[in-house]
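Step one of this worksheet: look at the structure below.
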Amino acid sequence: MTALRATILVVEDAPEIRRFLSSSLGAEGFKVVESATARRGAIDASTHKPDLAIVDLGLPDYDGIELIRQIRAWSAMPVLVLSARAREDAKIEALDAGADDYITKPFGVGELLARVRVALRHAVRPSSGAGALKLGNVTIDLDGRQALRQGRKVHLTPIEFRLIACLAKQSGMLVTQKQLLTEVWGPTHATDTHYLRIYMKQLRDKFEADPVRPKHFITETGVGYRLVVDE
Amino acid sequence: MEKTLSPFTGYAAAAGATLLCTAAGFAMTPRFDIVNIAMVYLLAVVVIALRYSRGASIFSAVLCVATFDYVFVPPEGGFSINDIQYLLTFGVMLAVALIISALTERNRHQTEAKAALAIEAESERVRSTLLASISHDLRTPLAVIVGASSGLVEEGEKLKPEERIALTKSVYRQARDMSELVDKVLQMTRLQAGFMELRRDWTALPEIVGSVLARLEERLSAHIVMVDLAPELPLLNVDAILIEQVLANLVENAARYTPAGTPVRMSAALRGDEVIVSVEDRGPGIAESDLEQVFAKFHRGNGGSKGVEHAGIGVGLGLAICRAVIGLHGGQVWVERPAGGGAAFRFTLRVEKVPAAPVEVPDAPVEAPEAPVEAPEAPVKAPAAWA
């Protein structure tokens with residue numbers, strides 16, 4: 001996949017952070033375009049047509065969230081958010097504005113590259129809810145709407161199925177609680193987070209070997225959930 | 001000294017005192033001269049002026065003179081022209097009331113000013129202690145980072161690859177610790193300043209435990225981690241991010257200050273209308289005298305108690321954050337010395353009524369009916385409890 005030399009746009013005002021992002025991403029074979037301001041980032045995004053954008057939220061000219069909205073107006077490229085703030089509100093706002101995932105500063109290169117790879121893979125092969133998912137020894141057939149464990153059927157309720165499908169659409173990436181509630185139960189239930197807790201427990205009981213140490217249905221406390229499927 | 005009394009309390013007290021004096025006056029009536037009864041009323045005025053507002057003391061002076069005049073000065077049960085002389089009594093009582101309440105007022109102001117000064121001095125002391133501790137605790141990792149990285153920059157060519165890796169790793173570790181310390185300081189500052197607003201939401205404790213386990217996987221790799229969560233735990237209406245922080249702080253301390261290979265146990269159980277969460281270790285434990293102190297803001301685990309040379313401010317801050325967060329939630333956090341040794345940190349969170357769960361038609365025609373079904377399920381999902 002990296003044979004094509006994917007281009008990554010980095011919009012970050014701190015030169016030292018830009019430098020280490022560039023060198024780590026460059027070392028992995030990515031072509032990197034750097035912008036120091038949101039305005040510059042918006043221009044670079046439209047001229048370079050990158051495969052992915054990494055956007056810092058605290059930019060000097062205007063908010064990174066605004067830049068994400070601008071990019072989303074014309075492009076579906078994956079956007080990763082860098083946030084120094086521990087405030088979950090900012091992350092959620094960025095995700096709801098169209099970002100696909102976030103990384104909190106300070107972060108390690110390993111974590112960054114893992115997120116970049118997941119996002120790029122997703123962009124190349126958008127899993128629009130079709131195909132089969134592997135979760136440990138269970139295979140979930142999204143088209144046939146059934147789950148099989150070693151050839152035997154695993155019972156899934158309609159809601160459980162919708163929840164898995166919603167997470168699978170952005171598999172590996174973060175889906176906010178609001179997005180899940182709205183898609184699965186409808187906009188009137190956008191704040192009924194206890195629904196999610198109850199159903200995530202059911203799903204973990206069915207699909208996780210150890211529900212307290214989930215490998216597939218990952219909680220991002222206060223923000224949302226992430227579905228990690230086996231390759 | 002600081003009393004927050006309703007303004008009416010003083011007036012009620014004045015009325016009560018007058019009533020009491022009147023009763024006393026009746027008891028005294030045949031044997032004592034009327035002047036002595038006036039003295040009893042004066043005493044009441046003095047007491048009211050000492051304890052309550054100026055308004056209440058004026059009120060008590062008026063009330064006392066009027067009652068005294070009406071009840072005890074002949075003709076009893078009424079006022080008369082002769083009573084004009086008691087205007088003097090009234091004047092004296094009023095003067096006493098005003099003087100005493102002015103004195104009391106001044107006294108109160110002085111005490112308050114002194115208390116305010118003391119608080120300021122205390123917070124100044126706390127601030128400088130914090131600053132001194134933080135700069136000490138930042139200087140050590142900074143020294144390592146500057147030293148190791150300058151070695152890499154200047155001598156990088158001459159170093160053996162494994163030396164280079166070792167130096168790089170120590171830069172990474174120290175920087176990471178420093179960043180955590182800075183986070184804790186910021187969080188404590190926010191908690192202290194009262195800026196922290198709880199973002200309560202329905203939270204599943206097992207999810208929090210799972211997140212903490214994932215977050216601290218590396219730190220816990222040398223320990224035997226045990227998790228024991230009661231199956232009936234209800235959802236809790238808490239700030240999940242802060243509670244995760246509390247649990248992470250406790251588990252991290254346990255991992256850091258107990259020897260490799262020893263167990264760290266996380267557990268949660270329902271007890272009455274609370275959930276009690278515990279983090280237990282089999283390390284050196286906490287000295288009896290430190291049980292309360294470890295939660296003090298800048299307590300450093302000293303050589304004796306946790307069996308480490310220098311615990312650093314991070315621990316003290318970590319536990320102070322726990323106490324502040326759990327306090328905001330209306331719960332309690334404490335540490336025990338369990339019989340089997342080690343330390344047991346516990347905190348409680350109140351259980352609230354969980355809103356109704358979504359009801360799902362058990363078997364909508366989604367999958368073709370095909371027996372046998374693997375996971376048997378309850379037909380209707382409306383668990384009020386976290387079943």
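Throughout, a chain's letter reflects where its sequence line sits, starting with A, and its residues are numbered from 1. All heavy atoms count here, side chains included; hydrogens, waters and symmetry mates do not.
- Both the backbone and the side chain of Val225(B) have a heavy atom closer than 4.5 Å to some heavy atom of chain A.
- No other option in Thr193(A), Ile218(A), Thr191(A), Asp210(A) has as many heavy-atom pairs under 4.5 Å with chain B as Thr193(A).
- Looking at Ala175(B), neither its backbone nor its side chain comes within 4.5 Å of chain A, counting heavy atoms on both sides.
- Counting heavy atoms of neighbouring residues, nucleotides and ligands inside a 6.0 Å radius, atom CZ of Arg176(B) exceeds 12 of them.
- Proximity to chain A is absent for every atom of Ala214(B), based on heavy atoms less than 4.5 angstrom apart.
- In this structure, the side chain of Arg200(B) engages the main chain of Asn237(B) through a donor-acceptor pair within 3.5 Å.
- Heavy-atom distances place the side chain of Ile208(B), and not its backbone, under 4.5 Å from chain A.
- Heavy-atom distances place no part of Ile243(B) under 4.5 Å from chain A, backbone and side chain included.
- In this structure, Lys201(A) pairs ionically with Asp205(A), as a charged nitrogen and a carboxylate oxygen lie closer than 4.0 Å.
- By the 30° and 60° cut-offs, the orientation of the rings of Tyr195(A) relative to Trp185(A) is perpendicular.
- Within the 4.5 Å cutoff, no side-chain heavy atoms of Val246(B) are placed close to those of Leu242(B).
- If you measure heavy-atom distances from Glu220(A) to chain B, you find no contacts under 4.5 Å at all.
- Side chain to side chain, Gln179(A) and Tyr225(A) fail the donor-acceptor criterion of an N or O pair below 3.5 Å.
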